[in-house]
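Since the structure comes first, as structure tokens, the remarks are kept for the end.
Below, chain A is the first sequence line, B the second, and so on; all start at residue 1.
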Amino acid sequence: MSARGASATADPAATLSDKGRATQSANVEGAAIEPLATAEIHGLRKSFFRRDIEVHAIDDVSLTVAEGEFVVLLGPSGCGKTTLLRCIAGLEVPDSGTIDVCGKRVFSGVEKTHLPAHKRSLNMMFQSYALWPHMTVAQNVAFPLETRRTPKVEAKARVAEVLALTGIDNLADSHPAQLSGGQQQRVALARALVARDRLILFDEPLSNVDAKVREQLRVELVEMQHRLNFSAIYVTHDQVEAMELADRVIVLEHGRIAQDAPPAVVYDRPASRYVANFIGNANEVRGVVCEVSPGDVAVDTELGKLSCSADTALRVGDAVVVIWRPEFGTLVSASEAEVVHSWEAKVHASLFAGAHTTVVVEVNGLPMRIVTSGRDIPDVDSVVWVHVPKHHLSALPDNVTRP
Amino acid sequence: MGLASVSQASGPSRLGKVIDRVRRRSLFDIVTVALGLAVAGAILYPLWFVIKGTFVVRGRLTVEPFRSVFDDHSLGSVLRNTAIIASTSTIAAVVLAAVFAWLNERTDARIGWLARILPLVPLLIPAAAAAVGWVSLLSPVAGLLNLVTRDVLGALGIDMTEGPIRVGSMYVLIFLYTVTIMPFAYVILQPAFQNLDPALEEAARVSGANTSTMLRRVTLPAILPSLTSAMLLTGVVSLALFSIPMMIGKPAGIDVISTRVYRYLTSTYPPQTGPALALTSVVLCFTIACVVLQRRMMKRQRHATITGKRNVSSLVSLGRWRIAARGLLLSYVLVAAIIPFGGLLYLSTQKFWSGSYSFSLNTSNFREVFRSGGQTRESMINSAVLGLIAATLAILVATIVANRAHRSGSRIGRASDGIMKVPATISQLVLGVGILLAFSGPPFRLSGTKPLIVLGLFIAYIHLASFTANAAVGQVAHELTEAAAVNRASPFRTFRRIQLPLMTPALIGGWILVYVASIGDITIVALLSTTNTQVIGYRILSLQDTGSYPELAALGVVVTLMTTSVVLAVTFAFNRRTSSR
């Protein structure tokens, strides 16, 4: 098993990589070194004053990033994700807690240790790319090697190699001002990769390019990470990006970790309504817990008694919200309708999106979305039956505000 | 930063703690701080001498000098003159500079290399030389333009014995002030327009704004911080200007603060340092307010910063206004440089300055200027060398200190950065007296030496370097230096490889400012220069004193050619470097 087993996730599903990266990493140079965490953060806090009001940008955050792991920090703007990244980079000084990078203590609030950014073994890709306008592409990319005193001949070869890898070898002598956004992106990526640091930080690096380029760069980034096996901490507010890139997604809410789990777990079993609503769409119905059994609860709702899975400890009488993803619901005919978790619904609209169709229906005055990949779309105003399998219903405490 | 890079048990003694803190810093940090402290000392030490001399008379604290100033009834007119001239010329200069910077950087009216150099033109001709040029043209009796005008009017039957234009009028003074200080505003506004993201203007365009709406609603607000900086710097320069009022205003009886302070310091022996300082405190208060304001603005917003994502600018098409705009640019060169230089040329070829004009070429004045072993020749060589040293030192020190003040927010950095602006606030004459008093005697004993003149020019003009360096530092986006830091570049390497190259265009502007100010200076050198260490400014004053206007004009021509060649050489060398990118 890969070093990912050392990560802080609780769910056993976390150790299963849907991308098969675990088996790959063993072949790559560098993985032979004993697996150790490339970044370890404990009890980190940072607050600052904005117009004399104290803001807790980071509020007791602990996390571990394993060798070769791709961790995405996800959250809306102002949730503290960029501040956290900048603290790891050494560009900002936290108030308390500890940060270790590649086994070395770089910050400790108690010991008053703060290693400045240029003494930490990591690299970073900035949102604005931060390419130096007075240097050519090749000079920009060669800079990290220059600071590490790499011999000139070797540096030249490595710059050529990484430029080829990022597909911009023909631009080596251009200046950043002459490049398109996507090209500047690749230069920034090449500069972050060239020194082969074990840990690379990404601060929303894809937010400035158009969707098509963004999609392609995401694929390339994943491939690149496979190949070079660096650990990545990637900040984004785009949940699709987070899902696609991450081995593990850390959802942040007001400086705290709302959930830390693999993408599939975050999606299928959100830890809170905040997470459920931030990541993807969810149908919701309020209710009250009426029966409790291990990992399973029954909830009284407008839709009748629903039996749902629940990860958090719930007691009879707790107010909950039952959520399920639109694609887990199915449209069936009256004859196919099962006894449990099936309701008669009226079709309000259908939105065809090529790969799938979103059908908006109403059950007892409750709006609901169903996503189907089939072509058998019912007419508007027709009556259908909606069914949601039991294991796709999750009951979450009804005490968290929406994001 | 309170946290140290390496945690070590520090000694219990205070000295131990200090040593420990010093040891934890990088060499670059230590050098920077030492440099800041040294400059602060070099500026404050002479001032302390002067202030002590003002308030302490025979070992007792006194306000006597202030009383004598306010007993002087002519002071009202001095303050009024200064206020009128400084305020009108500052506003005119900043507006003109903004229009020029916009035309040059953002519209199709720009005229290639000329567009870039054009607003620097008045820098090419030192203010004192330009003043002599204007005197030779507009002197009421013997001025060439007046002579020609009277001849034309005489042919029409209107007889006059002098005029019609008097060089020593308020209008001419304000006009010459504006022309002289405009470049100080331009060097701040030009980079602001150059680095303004064109997308801002384009967004306004596509939102249906015409050119004037776009300028008013988008461009202007975006460059507002730079505009304010330009206003403050130009205002300070205008208040402290000495050459124009000395050469033109004073002979005509128009006194401003600077000429009055000069009178206090030179017309009596011993000099009346007390009243001079009391009068200077007016300027001082204004400038402290300026410094505080500029600092606030810089902190609050940085609209026009260079981001890592730079795009090729698109130019605004002016249509039929393009010709008019180009005409404006060209007419400025004419008024600011070519006409006064023409006046200098004309006078320098006259054997005697008389009420009639002839265009016979007489080279005797130039022969005198270049005469081997001659005083004028020696003064020019001295000025060229000493100015070069002072300007280079000033821009280097100002950049390093400004960088420290901005990046690390260190108290020592900010304090020394603020102190570097103090010389702008003190009348240069007072500064000159202070430097003379402080460094002539023991332990420095620099009296009558060239290092004293370099030190004087350095202290007197470091604020020009400092203002430009601050603007330059503020323009490099934080992410660019952070990107270097995460790539293991030490603070020194980040400074050398990233910040310095990016700031170079602005810094070259600052260097030129200091160099030209040093060469054209007559205020500081009037006090620090001696017959053994003659420089141009000292020579100009003695030639004016003896009424040798034709030789003075010849000196003006040569000095102008000197500064012009330097400015053009530096500008072209730099242009080639940037265009090859």
Report task. Using a cut-off of under 4.5 Å on heavy-atom pairs, state which of A:A89, A:S121, A:G90, A:A195 scores highest against chain B. Result -> A:S121
Requested in this report: Would you indicate whether the side-chain heavy atoms of B:H478 and A:F126 approach each other to under 4.5 Å?
Outcome: no
**Report entry** Side chain, backbone, both or neither of A:T136 within contact of chain B (heavy atoms, under 4.5 Å)
**Finding:** neither
Query - Nearest non-hydrogen partners of A:H134 and B:L502, listed with the distance - result: ND1-CD2, 3.4 Å
Query raised in the report: Is there side-chain contact between B:R497 and A:E146, with at least one heavy-atom pair below 4.5 Å?
Result: yes
Requested in this report: Indicate the atoms forming the closest heavy-atom contact of B:L480 with A:P133, along with that distance.
Outcome: CD1-CD, 4.1 Å
**Report entry** A:E92 CD to B:E482 CD distance, which is reported to the nearest 0.5 Å
**Finding:** 8.0 Å
Query raised in the report: Do A:K119 and B:S490 come close enough that some side-chain heavy atom pair is under 4.5 Å?
Result: no
Requested in this report: Give me the one residue out of A:T147, A:N123, A:N140 that meets side-chain hydrogen bond (donor to acceptor under 3.5 Å, both in side chains) with B:N487.
Outcome: A:N123
Report task. Identify which part of A:R105 has an atom lying under 4.5 Å from any heavy atom of chain B, answering side chain, backbone, both or neither. Result -> neither
Report task. Would you give the length of the straight line joining atom OG1 of B:T494 to atom CZ of A:F143, rounded to the nearest 0.5 angstrom? Result -> 6.0 Å
Query raised in the report: Taking all non-hydrogen atoms of both residues, which atom of A:H118 and which atom of B:P491 are closest, and how far apart?
Result: CE1-CD, 3.4 Å
Report summary line: Shortest non-hydrogen pair, A:M135 vs B:I498, comes out as CE-CD1, 3.6 Å
Query raised in the report: With a 4.5 angstrom heavy-atom cut-off, which part of A:R148 approaches chain B: side chain, backbone, both or neither?
Result: side chain
Query - Contact class of A:M125 relative to chain B, heavy atoms under 4.5 angstrom - result: neither
Requested in this report: Against chain B, label A:D197 side chain, backbone, both or neither, depending on which of its atoms sit under 4.5 Å from a heavy atom there.
Outcome: side chain
